[in-house]
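A note on names: the letters A, B, ... follow the listed sequences, proteins ahead of strands, and every chain is numbered from 1. Worth knowing before you read on, the calculation uses all heavy atoms, side chains too, and leaves out hydrogens, waters and symmetry mates.
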Number of protein chains: 2
Amino acid sequence: MALAHAILATLLDSSQSGYDLRKCFEGSVGFFWQASFQQIYRELGKLEEQGLVQSEAIAQQGRPDKKVFAVTAEGEAFLQAWIRTPCEMAPIRDDLLVKMFAGFLVPKVEMLAELKEHRSLHQERLAIYQQIQRNAYANPENLSEKELFHYLTLCGGIQYEQGWLNWCEEAISILTKSSASSVSPQ
Amino acid sequence: MALAHAILATLLDSSQSGYDLRKCFEGSVGFFWQASFQQIYRELGKLEEQGLVQSEAIAQQGRPDKKVFAVTAEGEAFLQAWIRTPCEMAPIRDDLLVKMFAGFLVPKVEMLAELKEHRSLHQERLAIYQQIQRNAYANPENLSEKELFHYLTLCGGIQYEQGWLNWCEEAISILTKSSASSVSPQ
DNA sequence: ACTATATATTCAACTAATTGATTATGTCAA
DNA sequence: TTGACATAATCAATTAGTTGAATATATAGT
């Protein structure tokens, strides 16, 4: 279970509200973890109970009040201890691959359409990550400790998307060739 | 929720017991889905209730009896319908990337050790997949419909592992360079 | 005035996944 | 003959994740 740790790691970068965290998780932090706001609020509650984060109510003009969460010393120690314990490889659980495994059940054109859709989704995502790379990490040699690790995380997201993109291209190419020479089932 | 669909797709390939399914999920089918045997048995129970699979008790000599599950016509239609509905990209949730994001909390040598461990894990996995590729799919041009789709799934696993491997190499290289010139904390 | 969007949080119900144990039978090796 | 391992299945408890809704305030556009 790493949602708690992902939240701590994000808050360590900058203290913020659950709402802002959620935006991080669908934005820049999304290349290593994703979570809904219900999950985030629930987890923040638990973390506060355990004393790993603490909140401060901030009154705002023209907007609802917000609770800004910050990592405590215990929270940092907890995160550090977790980082030091070895972890397993993340298991693959991908709907599109399951579909592909039984793809002979539908006409090839339909599988091709889904593959092309995913290709463009991964292309978009990759383009976003590469833009972050160009804008924020123009010369990786001169980064601070913290920035360097954030940069490595971004690189992970890029490799991941690149991998999927390669596969989409490969699968489209193979399926296109084979459907040119044979008739698809219904 | 694609566990049910992953089970149906696997059973469609060959009818088998929950125990055998579990072995598939940690073996060759593992490049698109992973599940524990508790999950599999529970899901098989549900699928049987819904009439999507049916079981036959097989008495064995020298071993406990087993229940072999087969996909019904309804099960196949159900799977086909699911394949035809578009799906989203799989979200990334990777412990190692979370660790990396807050990697500045521990000495670089420790992060490097973890990265090297994961590099070898991904290398091993990739080697297994590539061996399957060489053994079972020596010339992808002459595959049957079904085999072709299974082959594409394998390609997905290969690209995935290759992507992580690339990242491990990249991260190790960058961290090694930077730790040569600076002292680690802690 | 009405609608949509954005900020900010929470509740309730449900489904999925993990962890750990339990119950059988049989084989093989020390 | 004891222990380790493989086959085969299930139960109970807990944790994690999803879905859908509700509440409240403010801004911008039609």
Indicate whether OP1 or OP2 belonging to C:dT9 is found under 4.0 Å from a side-chain N or O atom of A:Y41.
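For C:dT9, OP1 or OP2 has a side-chain N or O of A:Y41 closer than 4.0 Å.
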
Measuring to OP1 and OP2 of C:dT18, would you say a side-chain N or O of B:Q39 lies under 4.0 angstrom away?
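Affirmative; the distance criterion is met.
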
When you measure from every atom of DNA chain D, which of residues 6-22 of chain A have a heavy atom less than 4.0 Å away?
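Here the set is empty: none.
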
Which class fits the ring pair A:Y151 and A:Y137: parallel under 30°, tilted 30 to 60°, perpendicular over 60°?
tilted

To the nearest Å, how far apart are [X] [atom1] and [N] [atom2]?
X	N	atom1	atom2	answer
A:K66	C:dA6	NZ	P	17 Å
B:E26	D:dT7	CD	C1'	13 Å
A:R42	D:dT18	CZ	P	10 Å
A:F25	D:dT18	CZ	C1'	16 Å
A:Q38	C:dC14	CD	P	16 Å
B:W33	C:dA17	CH2	C1'	11 Å
B:I40	D:dT7	CD1	P	14 Å

Which heavy-atom pair separates A:L105 from B:Q80 by the least distance, and what is that distance?
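Heavy-atom minimum between the residues: O-NE2, 2.6 Å.
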
If the threshold is 4.0 Å, N to carboxylate O, is there a salt bridge linking B:E141 and A:K177?
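No.
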
B:K99 (side chain) donor-acceptor with B:M111 (main chain) under 3.5 angstrom
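No: the side chain of B:K99 does not pair with the backbone of B:M111.
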
Side chains of residues 38-49 of chain A: which donor-acceptor partners sit under 3.5 Å, not counting sequence neighbours?
from  : atom 1 : to    : atom 2 : distance (Å)
A:Q39 : OE1    : A:S36 : N      : 3.3
A:Y41 : OH     : A:Y19 : N      : 3.3
A:E48 : OE2    : A:S55 : N      : 3.2
A:E48 : OE2    : A:S55 : OG     : 2.6

Specify the residue among B:K23 and B:P91 whose closest nucleotide of DNA chain D lies further upstream toward the 5′ end.
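It is B:K23 whose nearest nucleotide is closer to the 5' end.
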
Report the residue (B:F37 or A:S36) whose heavy-atom-nearest nucleotide on DNA chain D is the more 5′ of the two.
B:F37

Of all pairs that satisfy salt bridge (charged side-chain N to carboxylate O under 4.0 Å, His left out), the ones with a partner from residues 86-98 of chain B, not counting sequence neighbours:
none

Candidate nucleotides D:dA16, C:dT10, C:dT19, ranked by approach to the side chain of A:K67 - the nearest:
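For A:K67, the side-chain atoms sit closest to C:dT10.
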
Gap between atom CD1 of B:I172 and atom CG of B:L115 - 0.5 Å precision
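Interatomic distance, B:L115 CG to B:I172 CD1, rounded to 0.5 Å: 5.5 Å.
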
